[in-house]
Amino acid sequence: MTEHVLRLQGVRKRFGDTEVLGGVDLTVARHEVVALIGASGSGKSTLLRCVSLLEQLDDGRIWLGDLDISDPRVAPDRVRARIGIVFQQFNLFPHLRVIDNVALASRRVLRTPRSQADAAALALLDRVGLADKAQEYPDRLSGGQQQRVAIVRAIATNPELLLLDEITSALDPELVTEVLDLVRQLSAEGTTIVMATHEMAFARDVADRVVFLDGGVIVEEGRSADVFEHPREERTRAFLSRFIGPGGSGSSVA
Amino acid sequence: MRSSSLPISDVEIGRRAYRRTQNTRSVLVSLVSTLVFAVVIWLTVVNTPGWQSVQRSFFDLETAIAAWPRIIAGLWINIQVLFFASIGVLVLSVVIATVRTLRGPIWFPLRALAAAYTDLFRGLPLIIVLFLVGFGIPGLELFPRNSAQFWGTIALILTYSAYVSEVFRAGIEAVHPSQRLAARSLGLSHGQTMRIVVLPQAVRKVTPALMNDFVAMQKDVGLISVLGVVDAVRAAQIETAANFNFTPYVLAGLLFVLLALPMIRLTDWYTARLRAREQMGTLL
């Protein structure tokens with residue numbers, strides 16, 4: 001078993017003339033929860049999309065375990081099946097029932113027999129309190145319920161890494177808690193998570209490590225308590241003060 | 001719908017009464033104006049100087065009865081052609097649409113071929129395709145001798161697939177890219193993503209347009225008569241020539257309308273249902 005689930009080395013990504021990621025180095029250990037923070041456009045989402053091979057790198061290397069997944073000879077579908085990703089807009093399949101959304105990857109990618117995949121999907125839904133919605137279509141569910149289904153769909157194949165891309169940004173404030181509680185639960189169970197988030201209080205509470213991105217480079221990273229309480233860099237301080245207020249010790253997030 | 005058992009305020013009772021009288025008046029006005037219009041048209045036509053002879057040569061009951069068996073037999077051929085052509089069009093157009101949405105340079109030749117096909121067959125008049133395929137391909141003496149009916153069906157498939165594939169392509173492109181992203185992120189291959197996630201949603205989006213194309217094809221199957229197939233149109237032509245009376249054409253035309261009506265109604269119903277579902281609770 002490898003020590004590191006994910007390792008990035010000098011990862012660069014350009015869109016046209018804009019450099020969105022300007023050489024990112026990052027290592028994520030097993031069972032670790034890493035929060036990516038930073039303003040919109042700082043490269044958080046692009047970083048996650050590069051890791052899940054939804055974007056092609058312009059330079060640098062990414063390893064998942066011991067496998068260099070930036071090597072073009074690696075089959076991307078195999079890699080993606082080992083990484084779960086949850087999006088801001090849920091992206092559930094509207095024409096499939098909740099249970100089919102969850103069981104789809106097990107059935108089609110892992111080739112698990114249908115009855116077995118469905119039973120596992122139902123157990124997962126039960127765990128997040130949505131077993132009674134298994135036969136519904138996604139648009140009958142609230143935003144928070146849909147996002148919980150999306151999380152469950154992402155972990156249905158037992159991925160070794162879970163990526164969360166601002167999963168509460170599209171939710172009404174009163175629905176955020178139910179989604180974050182689920183993430184908290186997953187992290188307590190030892191799921192390795194990398195999440196881009198604007199929920200500073202949550203990041204501070206749940207993440208082992210916080211990475212502050214600005215302009216496509218890592219400005220500061222460290223234990224979450226350290227980064228939030230004693231940011232070393234001026235840019236980090238400026239960013240955090242917008243959320244937490246000057247002094248940096250407040251805890252409330254609107 | 002609100003439950004009628006709830007107590008209703010006097011204001012609402014007044015509004016409902018007002019709406020009811022307004023509705024009744026609107027219905028009456030439109031009914032009367034339609035009737036008046038129809039009667040005026042009828043009287044005008046019947047009083048034209050040539051009406052007597054037109055009635056004899058276009059609406060003659062005896063000729064219609066005499067032509068009936070032959071035209072019905074012909075219509076059965078139209079229905080058969082329609083059946084096989086529909087299946088052919090569905091299969092071919094989905095393939096073409098899928099090819100046209102493939103990305104990446106390695107697919108360029110296939111994509112270009114598909115684009116050229118839709119350009120060519122959307123531009124070519126159906127009747128010319130019918131002649132070229134119906135008389136040209138058998139002339140190659142490459143295939144075993146197939147009937148004109150067979151090649152007519154092929155010509156219809158070629159022409160209509162070009163249109164229908166564009167409808168499917170529009171549907172495929174109307175499925176939000178994030179759906180594809182979500183599917184691929186689960187590890188589904190491009191083909192699986194297309195089959196399981198994109199196409200089912202695309203088909204739903206374009207069903208009304210597809211049904212409309214089906215109605216269009218339903219009457220265009222009559223054009224295979226130019227290849228000498230004795231379908232309903234050809235049968236009507238033969239009967240007309242035999243009796244110097246155009247009634248068989250009118251009869252065949254009416255039968256085509258009857259054939260199309262269920263599909264037209266189904267299309268209207270489905271479109272209305274879609275609209276109702278998407279605009280729940282709004283007035284406009």
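Because the structure is predicted, anything quoted here is derived from the model rather than measured. Sequence lines set the chain letters: A, B, ... in the order given, protein chains first and strands last, and positions in each chain run from 1. Values reported hereafter were calculated over all heavy atoms of this structure, with side chains retained and with hydrogens, waters and symmetry mates removed.
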Answer with side chain, backbone, both or neither: which region of [X] has an atom nearer than 4.5 Å to a non-hydrogen atom of chain B?
X: A:Leu163; value: neither
X: A:Arg49; value: side chain
X: A:Leu53; value: neither

**OP:** State, with a plain yes or no, whether a side-chain heavy atom of A:Phe87 is found less than 4.5 Å away from one of B:Ser185.
**Re:**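 Yes, close enough: below the 4.5 Å cut-off.
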Original post:
Taking the side chain as C-beta and beyond, is there a heavy-atom pair between B:Leu181 and A:Leu54 under 4.5 Å?
Top reply: yes
Original post:
Contact part of B:Arg180 toward chain A, heavy-atom cut-off under 4.5 Å: side chain, backbone, both or neither?
Top reply: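 For B:Arg180, there is no contact with chain A at all, as no heavy atom is under 4.5 Å.
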In terms of heavy-atom contacts, does [atom1] of [X] have more than 12 from other residues, nucleotides or ligands at under 6.0 Å?
X: B:Phe256; atom1: CZ; value: yes
X: B:Arg169; atom1: CZ; value: yes
X: B:Tyr270; atom1: OH; value: yes
X: A:Gln56; atom1: CD; value: no

Subject >> Toward chain A: residues of residues 114-123 of chain B with heavy atoms under 4.5 Å >> reply: none
Original post:
Between A:Leu92 and B:Gln179, which heavy-atom pair has the shortest distance, and what is it?
Top reply: O-NE2, 2.9 Å
Original post:
Which heavy-atom pair separates B:Arg184 from A:Asp77 by the least distance, and what is that distance?
Top reply: NH2-OD1, 3.2 Å
Original post:
Just by modelled atom types, is the B:Ile196 backbone N or O under 3.5 Å from a matching donor or acceptor in the A:His95 side chain?
Top reply: yes
List the atom pairs, with distances to 0.1 Å, where a side-chain N or O of residues 109-126 of chain A and a protein N or O form a donor-acceptor pair under 3.5 Å, not counting sequence neighbours.
residue	atom	partner	partner atom	Å
A:Thr112	OG1	A:Ser106	O	3.3
A:Asp118	OD1	A:Arg107	NE	3.3
A:Asp118	OD1	A:Arg107	NH2	2.9

Subject >> Top contributor to chain B interface from A:Gly84, A:Ala75, A:Pro94 [non-hydrogen pairs under 4.5 Å] >> reply: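 With the most close heavy-atom pairs to chain B, the winner is A:Pro94.
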